[in-house]
Amino acid sequence: VVAPEGAPGGSAVRDDELSRRRLLAGTGAGAVLTALLGGCGSGSTSKRSEGADLYKMASEERFADAVLLSGALDVEARLADVYALIASAVTGRGRGLVGRIAAQERAHTTALVKSIQALGGQPPPANRGAPLRRPRSTTEALRLASATENEAIAFYIDALPKLSTDNKLRSPVATIMTNEAEHLALLSRALGEPAAPQSIVRGRA
Amino acid sequence: VNAEPGPDRRAAARDPGRVRRRELLTRVAVAGGAALLPSLVLAPAASAGGNPDVALIERLVRFELAAAVIYDALAQLRLDAATRDLLAMLSQHERDHAAVLLNAAEYLGGAPQKPPSLQSLQRKSPAVAGARTRHDALVLAGEIEGAQLHGYFDAQQQLSDTKLLQQTATVMCSEGQHAVLVRTAIGVDPIPSPFELGAV
């Protein structure tokens, strides 16, 4: 299992084998097993073999998706840390904005955790990356948030095509990515800069 | 314009995995953008050389081009400078999106797309034909952005080509930023949900 490129810290799931066992033991994986093998009739060897192959493929895709979502959890943890750090540094109307965005980041985290669990996995502890330096001004604080949102967008754009189509996670994850782009627009405006300076938003890793 | 979260949005806010295509189609149909969507986004497209990715991208390109034409027309209304500038920027961005996506579609065998005429859009959408005020223009802009976001949301699950997935993702992010600007101009919450589904 390879952690997604651009994931802060790189190792979204640090103990691959342990995580894999947890994933395969999950009730979601069991449901897949039941569904795939249940339709195999009274069980010729070839049918059983086909079912086992399908199960293996499905579980591997679910595991890979869970790893990618774990990388997204790292990204969201980083964002949460940034907003917690800068909350006291930002004054005026920007403070309300920071609080609002932070709440949305928490909602992302909750959804990602549930999605990993629905895949039969256990979310690993977040890799929070390098320690953050406390900003000395509102501008510095907003720039830190802006840079981290850019990293998040770049991560999600990189991760989206790697999610399997079977688990139908791409579109829901895209809603989180787009929300990060919206945060970036509001942060830019708070900095007195154009909110949507480019027609193609790639983020910056 | 509805800033209040509906049942679908609340469900999605709890868990984005719960979002279903049918719910989204219902939401878009309820939005004013429904006047545009049936013919421009949701109508089945002729598959370009049998490649469903190309057919989907061509459909998105047609909507981008239509949006640009509508924004150009709206910018001609009697508006304050800020609103006119916003509409002009949205128009330019939509043309950029169309160019980027069309380039990718052509690479895969898609055909070049021509922008629709304003008259044809006015015939299809009473909202386009009847826009007179700043409020009309911004509400219509909100509906267009919401419809586009929905289109890209849907595309993420349907596309298979990695490059197209990433390009549509970058455009979806841009549409989200447009939605923020339009919502702000209208005076509603710019980020009503942590999960951007396209309703404005």
Side-chain angles (χ1 to χ4, degrees), chain A residues 69 76 97 100-119 149-150 152-154 156-163 165-186 188-189 194-203, chain B residues 9 12-21 24 64 86 89-90 92-101 149-150 152-181 183-184 189-198:
Chain A
L69 295 188
E76 296 295 337
L97 173 63
R100 186 78 203 287
I101 294 176
Q104 295 198 331
E105 306 299 2
R106 286 194 292 274
H108 297 166
T109 298
T110 301
L112 289 167
V113 166
K114 284 183 182 175
S115 297
I116 292 169
Q117 290 169 339
L119 289 167
E149 291 284 4
N150 262 305
I153 293 164
Y156 283 116
I157 289 173
D158 183 60
L160 272 173
K162 296 174 184 169
L163 287 165
T165 50
D166 288 353
N167 294 319
K168 302 199 184 312
L169 285 163
R170 279 189 197 150
S171 290
V173 168
T175 69
I176 297 177
M177 169 197 71
T178 307
N179 185 238
E180 307 297 7
E182 294 175 337
H183 295 168
L184 182 61
L186 290 170
S188 298
R189 203 179 55 174
Q198 292 168 328
S199 55
I200 301 296
V201 181
R202 294 190 173 89
Chain B
R9 184 179 287 278
R14 287 193 296 273
D15 181 356
R18 293 185 58 180
V19 175
R20 297 288 180 270
R21 178 182 167 79
L24 285 162
E64 293 283 1
L86 171 60
M89 187 207 73
L90 294 178
Q92 185 56 54
H93 278 196
E94 309 305 5
R95 287 182 207 284
D96 291 349
H97 298 165
V100 166
L101 295 175
L149 279 164
H150 164 70
Y152 289 107
F153 171 92
D154 218 23
Q156 287 301 314
Q157 207 56 54
Q158 293 179 31
L159 291 168
S160 56
D161 182 88
T162 297
K163 190 176 170 190
L164 290 178
L165 275 165
Q166 291 189 320
Q167 281 178 332
T168 52
T170 64
V171 174
M172 187 175 177
C173 286
S174 171
E175 306 295 5
Q177 294 188 336
H178 292 178
V180 163
L181 292 174
R183 288 169 183 149
T184 302
D189 185 353
I191 43 173
S193 167
F195 308 102
E196 181 53 79
L197 299 167

Peer 1: Shortest non-hydrogen contact from A:V201 to B:C173?
Peer 2: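 Reported closest heavy-atom pair: CB-CB, 3.6 Å.
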
Peer 1: Quick one, A:Q104 and A:E182 - any side-chain contact, counting heavy atoms below 4.5 Å?
Peer 2: no

Peer 1: Which atoms of A:I157 come close to chain B, meaning under 4.5 Å heavy atom to heavy atom: side chain ones, backbone ones, both, or neither?
Peer 2: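 A:I157 touches chain B through backbone and side-chain heavy atoms alike.
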
Peer 1: I need the residue from B:L159, B:D161, B:T184 with the largest number of non-hydrogen atom pairs under 4.5 Å to chain A.
Peer 2: B:T184

Peer 1: Pick whichever of B:E175, B:Q166, B:R95 has the most heavy-atom pairs under 4.5 Å with chain A.
Peer 2: B:Q166

Peer 1: Check whether any side-chain heavy atom of A:R202 lies under 4.5 Å from a side-chain heavy atom of A:I153, and answer yes or no.
Peer 2: no

Peer 1: How far apart are the C-alpha atoms of B:Q177 and B:H93, what are their side-chain angles, what is the distance that settles it, and do they pass the side-chain hydrogen bond (donor to acceptor under 3.5 Å, both in side chains) test?
Peer 2: CA-CA 11 Å; B:Q177 294 188 336; B:H93 278 196; over 6 Å; no

Peer 1: Please identify, among A:P161, A:S171, A:A185, the residue contributing the most non-hydrogen atom pairs under 4.5 Å to chain B.
Peer 2: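 Most pairs with chain B among the choices: A:S171.
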
Peer 1: Which region of B:L181, side chain (C-beta onward) or backbone (N, CA, C, O), has a non-hydrogen atom less than 4.5 Å from a non-hydrogen atom of chain A, or is it both or neither?
Peer 2: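 Side chain of B:L181 only, per the 4.5 Å heavy-atom cut-off to chain A.
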
Peer 1: Considering non-hydrogen atoms only, spot the tightest contact between B:F195 and A:A107 and give its length.
Peer 2: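 Closest approach of B:F195 to A:A107, heavy atoms only: CZ-O, 3.7 Å.
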
Peer 1: Sort A:R106 into side chain, backbone, both or neither according to what part of it lies under 4.5 angstrom from a heavy atom of chain B.
Peer 2: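 Nothing of A:R106, per the 4.5 Å heavy-atom cut-off to chain B.
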
Peer 1: Select one option (side chain, backbone, both, neither) describing which atoms of A:Q198 are under 4.5 Å from chain B's heavy atoms.
Peer 2: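 Backbone of A:Q198 only, per the 4.5 Å heavy-atom cut-off to chain B.
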
Peer 1: Please find the pair of heavy atoms, one from B:R183 and one from B:P192, that lie closest to each other, and give the distance.
Peer 2: NH1-CD, 3.5 Å

Peer 1: Of the listed residues (A:H183, A:E180, A:R170, A:H108), which shares the most heavy-atom pairs with chain B below a 4.5 Å separation?
Peer 2: A:R170

Peer 1: Can you tell which part of B:L164 gets under 4.5 Å to a heavy atom of chain A, answering side chain, backbone, both or neither?
Peer 2: neither

Peer 1: Taking the side chain as every heavy atom from C-beta outward, state whether B:T170 and A:I200 have any pair of such atoms under 4.5 Å apart.
Peer 2: yes

